[in-house]
Amino acid sequence: MDNFREVLEVCGLKEIQSMGPWFTWKNNRRGGNEIFEKLDRVLANDKWDAMFPDAGVSVLTASISDHLPLMLNTQKLTGWHAGVKGFKFENFWTGSLECFEIVKQCWNSNQSWNENVFGAQNKLAKWSKEEFGSIHSRIRRNQRVLQDLLNDHDPRILSAPDFGDASSLSAFAALAKAS
């Protein structure tokens, strides 16, 4: 999966936002055994995006296949999904008291369940961007730096399994500076 993400980054590909169900695949089981995942996406680079700035993707319904079909539309999408960015709750946020306070504040706002959830999403996304910046870009960049450092050192001295904990990383950083 990391290789796939790296190819997307190198090629400058990003997902075109979709409208409709959040998932594109279901396992077609019943009785509490249902699984829903977003497996299918439409990707484009900046040049394509500039040619079709109003493009959007609609997730359609399917009756036979376990995958939902995607329809690419180069015209402007309308509706409540248009322009909505995807949201992903990051597990590491739970280590912050601020995260807890944001969720608590939104949940106690005496609004509808949907308004509470969307309010928490928006506030958490803004807080995360201010607090951590683009964490996924930083992680990918640091992984590349570590890989470059590994490639530049004698494999008999240090190998990838040595990165099991923070003290190993600190030792590696000290070794890298010394050489």
Side-chain angles (χ1 to χ4, degrees), residues 1-9 12-27 29 31-44 46 49 53-59 68 70 76-147 149 160 162-174 176-177:
M1 192 55 137
D2 289 338
N3 290 339
F4 179 73
R5 287 187 184 112
E6 186 175 337
V7 167
L8 294 181
E9 186 174 339
L13 295 173
K14 60 185 178 186
E15 182 179 359
I16 298 175
Q17 293 299 313
S18 60
M19 178 193 240
W22 64 268
F23 62 91
T24 61
W25 175 84
K26 57 185 176 177
N27 66 349
R29 293 185 184 161
N33 295 318
E34 301 91 352
I35 298 173
F36 302 91
E37 295 288 340
K38 184 168 187 173
L39 299 179
D40 309 294
R41 300 162 196 278
V42 176
L43 307 170
D46 288 340
D49 198 34
D54 295 324
V57 175
S58 296
V59 181
L68 300 181
L70 303 177
K76 187 173 181 123
L77 289 175
T78 59
W80 72 273
H81 288 286
V84 174
K85 291 184 178 182
F87 175 80
K88 180 179 177 189
F89 185 90
E90 300 291 348
N91 287 337
F92 72 89
W93 291 349
T94 59
S96 170
L97 184 59
E98 290 177 81
C99 173
F100 175 77
E101 291 299 325
I102 289 169
V103 173
K104 182 178 168 184
Q105 175 189 8
C106 291
W107 216 250
N108 293 331
S109 67
N110 294 325
Q111 295 182 10
S112 72
W113 185 88
N114 283 345
E115 290 170 322
N116 289 343
V117 169
F118 289 121
Q121 285 180 357
N122 292 333
K123 288 182 179 180
L124 286 169
K126 182 180 179 198
W127 165 76
S128 179
K129 186 174 183 176
E130 291 169 358
E131 186 73 19
F132 304 107
S134 179
I135 192 74
H136 296 290
S137 296
R138 288 171 40 201
I139 289 170
R140 284 191 303 272
R141 183 177 58 243
N142 289 338
Q143 286 173 331
R144 284 192 303 271
V145 168
L146 283 172
Q147 188 61 52
L149 289 170
D162 293 326
F163 293 113
D165 59 16
S167 62
S168 296
L169 287 175
S170 297
F172 177 70
K177 286 181 182 177

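Heavy atoms only: backbone and side chains are in, while hydrogens, waters and symmetry mates are out.
- Distance CZ/R41 to CG/L8: 9.5 Å, rounded to 0.5 Å.
- Listed by chain and residue number, C106 satisfy the side-chain contact (heavy atoms from CB on, under 4.5 Å) test with A120 (two or more places apart in sequence, or in another chain).
- Under the side chain to side chain donor-acceptor pair (under 3.5 Å) criterion, T94 pairs with no residue at all, not counting sequence neighbours.
- Under the salt bridge (charged side-chain N to carboxylate O under 4.0 Å, His left out) criterion, R141 pairs with no residue at all, not counting sequence neighbours.
- Rounding to the nearest 0.5 angstrom, the gap separating the SG atom in C99 from the CG atom in L124 is 5.0 Å.
- By the salt bridge (charged side-chain N to carboxylate O under 4.0 Å, His left out) test, K14 is found to be paired with D46, D49, residues two or more places apart in sequence or in another chain being considered.
- In this structure E6 satisfies the salt bridge (charged side-chain N to carboxylate O under 4.0 Å, His left out) test with no other residue, sequence neighbours excluded.
- Closest approach of A55 to I16, counting heavy atoms only: O-CG2, 4.0 Å.
- Under the side chain to side chain donor-acceptor pair (under 3.5 Å) criterion, R5 pairs with no residue at all, not counting sequence neighbours.
- Every residue was checked against the side chain to side chain donor-acceptor pair (under 3.5 Å) condition with W107, not counting sequence neighbours, and none meets it.
- Every salt bridge (charged side-chain N to carboxylate O under 4.0 Å, His left out) that E9 has, sequence neighbours left out, goes to R140, R144.
- Considering only residues two or more places apart in sequence or on other chains, L70 meets the side-chain contact (heavy atoms from CB on, under 4.5 Å) condition with T24, D40, V42, V57, V59.
- Heavy-atom contacts from other residues, nucleotides or ligands closer than 6.0 Å to CG of N110 number 12 or fewer.
- Screening residues 100-113 for salt bridge (charged side-chain N to carboxylate O under 4.0 Å, His left out), with sequence neighbours left out, gives no hits.
- Summarising the geometry, atom CZ belonging to F23 is positioned 11.5 Å from atom NZ belonging to K38; distances are rounded to the nearest 0.5 Å.
- A search for side-chain contact (heavy atoms from CB on, under 4.5 Å) contacts involving E90 returns K88, F92, W93, H136, not counting sequence neighbours.
- Residues satisfying the side chain to side chain donor-acceptor pair (under 3.5 Å) test with S96, not counting sequence neighbours, are none.
- Heavy atoms only, all atoms of each residue included: N33 and R29 are closest at O-CB, 3.7 Å.
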